[in-house]
Amino acid sequence: MDARNPAKVVKDAVESAAEKVTDALTPDVPGKPGSAPPTVAEPTTPQDPLPPKPEQGSPQTRTPTGARTGAPASANGQQGAYLTTAQGARLRDTDHSLKAGPRGPTLLQDHHLREKITHFDHERIPERVVHARGAGAHGVFTAYGAAEAVTRAGFLRKGRTTEVFVRFSTVLGSRGSADTVRDTRGFATKFYTDEGTFDLVGNNMPVFFIQDAIKFPDIIHAGKPHPDREIPQAQSAHDTFWDFVSLHTEAQHHTMWNMSDRGIPRSYRTMEGFGVHTFRLVNEAGETVLAKFHWKPKLGVHSLVWEEAQMLAGIDPDFHRRDLYDAIEAGAFPEWELGLQVFPDTPEETFAGIDLLDPTKIVPEELAPVQLVGSLTLNRTPTNFFAETEQVAFHVGHLPPGIDVTNDPLLQGRLFSYVDTQLTRLGGPNFAQIPINRPHAAVNDMLRDGFHQHAVHAGVAPYRPNSLDGGNPFPAGDAENAFLDVPVRVAEAPKIRANPVSFDDHFSQARLFWLSMSPVEREHIIRAYTFELGKCFHQEIKERQLQCLATIDPVLCARVATGLGLPTPEPTVPLADVTPSAVLSQVGRQWPADGRTVGIVVDPEVDLDTVRDVRRAVFAADMVPLLIAPHGGLIGDLPAQRSFATGRSVELDALLVATAPAPAPDALPARDARAGAAPATRPVDPRVLLMVEECWRHAKAVGAWGSGVAVLEQVGVAGTPGVVTGDSGEEVFTGVHRLMADHRVWERFPATVG
Ligand code: HDE
């Protein structure tokens, strides 16, 4: 036996065996971990830190109060080739504690050990109490100019570009929970405008569970895991959630959105965003309008199917963040258009009979069209998750001149909460000085000192009025573009804990949403309610929620009741007479499939030239091809990105089968009975059969050529809707690409409700 250090023996063996195939294997698909490929041997020649990856960005290098420093962003975190202490002293060794001899106790004087461990012990900060799980990206917003007439906000002037940072999130789950759970998604945008930062802190649904901020702890306590056993994580399918929403019926409209396909988005890139509340805009002339903000994704609004979402939660819990980062790395930059619904600023603050201060209501786009005022492109991934995505602090009160709040009681409470929460989460009042939160506008406040103060304030008079600092800082007026608190008239009224009567309608818009859905979307909603309520323990809670559904729609209620094995209750009040809003449905239009993932099943016997051409065609269509092969490494000269063991249907948007692979040595033919179709003349790897079957079941486009056609026949899906076969791989891909514009092969979902 070799008497040398065992780790060194392994390293030497690996190094001597290192082959030159590494280059050929370096994938050309997104997902690279570092900015340069690693060497097999451990690097030993000192060199400066590697540059960030080309798709990465970081916050602009600004002083703590917003002025440009001119330093390169890559100099933010670390410099020089050598390991140092936090004070910059170079270190000889970070692998061994300082001990009294090789077998002796560790010495208290080891300041490097203490610094390293102490810092490590404090690496975590409290996660967000809601929206803990999220992913962010940098980008740019360009204004069309269409909003100039209604707001003086400079970043909405024609042609202006503004840097942004966007964070998407789920609401209920902890920081480590799965991306694809059924939940509302956060869509928070920080516009670094030169008139002060504007945060549009919205969601992917236009309504909220509650009408008054004072109920926020109640709905969140109900939605979070039960306090005794701390289950279930990141989901609403449990007793406390349905207990609350069935009693507090203003939640029913939002609940309907959550039970719809909007609750399980395909991607952050395919989500709409909504500011939810009504805001007040003010233009140069001092005229005001009321407005709601919308984000419209260029790729359309698309969702997962429930089984896919559940499988992904185990197979790839990072599905949405990976999709976001991969798309940006591949150059398929996610894009949205910002839109406004504009309403006259009348004393009643209503439009078409809808109370604009009630955040449980939408204004259908048919009544107030969304006017597009600018576009958003996300083009850089964060360089460091903690520094940027974790430390970014949004606040609905970060408003530029031209945008003001309304009296929506939910928004009013948020104006308190978002600063308050940062005091514990980000450790003090100076969170605006963290690089990702630094404004790009000049800052001259009189806030001083406090934990983590990074600014070195000059002068002696942080108060007003003063003469010692020459009177600085001076208040600005209209000529200097000061923020305007619009002097809205407040009606004389008693001080009271109550809602306006108009807030009492809790069901009509839930019905409006239901009636706006296509049959297949209704089917999904029925299944979602049945699943969620089916997971509740208590019959009483299910019965109470069924009573709410009876007031929304009798068919919905009856179908869910059947699934739960409970009687269908009668509505207690007449059903609302509402006009559906066609734009709420996600089905029936065609959208670009850019940035989607296409799997191609190959094996060593495949016609490589055809696969090469198809791969090229997939790239040319701005999508990512993943070769899925019996083993990793190379198939001919093409690198396989997935093996049958590591690949699974749920990460694909479409599947192409280029061959009929025999069972690989690691296949267990009886692994999945669902894939076990009739015995074939030539057995096919069961994981390939499973992949085809799952893609078909999840209504994805499937294609095959050559011997691949036999695989589809064996699964029993050849000749069915959304399945393309032919002799030419490229033609088959063209057919599949065309189908992908519909997002799913909707015919495959049998809809039983009209
Ligand atoms: Fe939030 N919300 N919220 N919220 N919210 C937070 O702020 C709160 C509400 C939303 O990616 C917290 O920094 C109250 C509506 C998003 O960092 C906290 C109320 C909408 C994000 C907070 C609401 C949102 C948050 C948690 C009721 C959609 C994630 C940590 C009055 C329009 C932002 C933090 C990010 C985050 C409070 C209601 C969206 C605790 C009290 C309505 C997208 O401050």
Side-chain angles (χ1 to χ4, degrees), residues 59-71 76 141 151-157 160-165 189-201 279-286 288 391-405 412 414-423 425-488:
Q60 271 213 7
T61 43
R62 303 256 166 185
T63 67
T65 51
R68 281 176 191 277
T69 67
N76 262 342
F141 176 79
T151 172
R152 66 168 68 159
F155 81 101
L156 289 171
R157 299 252 163 78
R160 287 275 184 96
T161 58
T162 304
E163 287 179 62
V164 300
F165 186 78
T189 310
K190 190 177 275 299
F191 297 82
Y192 300 94
T193 95
D194 55 9
E195 298 171 332
T197 299
F198 171 44
D199 289 346
L200 183 53
V201 200
F279 289 79
R280 180 170 275 106
L281 306 182
V282 54
N283 67 10
E284 294 290 355
T288 59
Q391 293 200 112
V392 67
F394 294 94
H395 175 28
V396 276
H398 291 163
L399 297 163
I403 303 178
D404 200 1
V405 297
Q412 292 281 318
R414 293 180 76 196
L415 288 165
F416 163 73
S417 178
Y418 287 75
V419 169
D420 180 54
T421 198
Q422 311 308 344
L423 299 180
R425 220 177 66 73
L426 297 174
N430 290 315
F431 55 87
Q433 298 183 0
I434 294 171
I436 192 68
N437 296 324
R438 291 180 185 174
H440 291 193
V443 172
N444 194 358
D445 59 36
M446 294 187 296
L447 313 172
R448 290 294 180 273
D449 308 345
F451 282 114
H452 318 301
Q453 175 61 258
H454 293 263
V456 182
H457 292 105
V460 294
Y463 56 83
R464 268 200 56 75
N466 77 68
S467 63
L468 285 174
D469 279 351
N472 184 286
F474 295 92
D478 271 351
E480 293 83 25
N481 199 21
F483 181 83
L484 178 67
D485 292 294
V486 179
V488 196

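- Across every non-hydrogen atom of Pro400 and Phe155, the tightest pair is CG-CE2, 4.2 Å.
- Asp404 pairs by the salt bridge (Lys or Arg N to Asp or Glu O under 4.0 Å) definition with nothing, not counting sequence neighbours.
- Within the 3.5 Å criterion, the main-chain N or O of Gly397 finds no donor-acceptor partner in the side chain of Asp199.
- Remark: Phe279 engages Phe293 in a ring pair (Phe, Tyr, Trp, His ring centres under 6.0 Å) (not counting sequence neighbours).
- Rounding to the nearest 0.5 Å gives a distance of 9.5 Å between CZ of Phe141 and CG of Leu200.
- Annotation: the span from Glu163 atom CD to Thr193 atom OG1 amounts to 11.5 Å, rounded to 0.5 Å.
- One distance of note links CG of Asn472 with CG of Asn466; it measures 7.5 Å at 0.5 Å rounding.
- Counting only distance, with no hydrogens or angles, the side chain of Arg157 and the backbone of Arg152 share a donor-acceptor pair below 3.5 Å.
- In this structure, the side chain of Arg414 engages the main chain of Val201 through a donor-acceptor pair within 3.5 Å.
- Here the closest non-hydrogen pair linking Pro435 and Pro59 is O-CB, 3.5 Å.
- Residue pairs satisfying the side-chain hydrogen bond (donor to acceptor under 3.5 Å, both in side chains) criterion with at least one member in residues 475-484, sequence neighbours excluded, are listed as follows: Glu195-Asn481.
- Nearest heavy-atom pair, Pro439 versus Ala432, reported as atom, atom and distance to 0.1 Å: CD-O, 4.0 Å.
- With Gln433 as the fixed residue, the side chain to side chain donor-acceptor pair (under 3.5 Å) test singles out one of Gln453, Arg438, His454: Gln453.
- A distance-only check finds a donor-acceptor pair linking the side chain of Arg160 to the backbone of Gly154 [under 3.5 Å].
- Taken from CZ in Phe198 to OG1 in Thr162, the straight-line distance is 11.0 Å, to the nearest 0.5 Å.
- A donor-acceptor distance shorter than 3.5 angstrom exists from the side chain of Arg464 to the backbone of Pro473, with no hydrogens or angles considered.
- By the 6.0 Å contact criterion, CZ on Phe451 is open, its count of non-hydrogen atoms from other residues, nucleotides or ligands being 12 or less.
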Evaluate side chain to side chain contact (heavy atoms under 4.5 Å, CB included) for Leu281 paired with Ile403, printing each intermediate quantity in order. CA-CA 5 Å; Leu281 306 182; Ile403 303 178; 4.0 Å; yes
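- Annotation: side chain of Val396 is not in contact with side chain of Val405 (no heavy-atom distance under 4.5 Å).
- Checking side-chain atoms of Thr69 against main-chain N and O of Thr61 turns up a donor-acceptor pair under 3.5 Å.
- Side-chain contact check for Asn437 versus Leu426: some heavy-atom pair is nearer than 4.5 Å.
- Here the closest heavy-atom approach between residue Ala441 and residue Asp194 is recorded as CB-O, 3.5 Å.
- Note: Ile436 CD1 to Gln391 CD = 9.5 Å, rounded to the nearest 0.5 Å.
- Within 6.0 Å of CZ in Phe416 there are 12 or fewer heavy atoms belonging to other residues, nucleotides or ligands.
- One distance of note links CZ of Arg68 with NE2 of His440; it measures 7.5 Å at 0.5 Å rounding.
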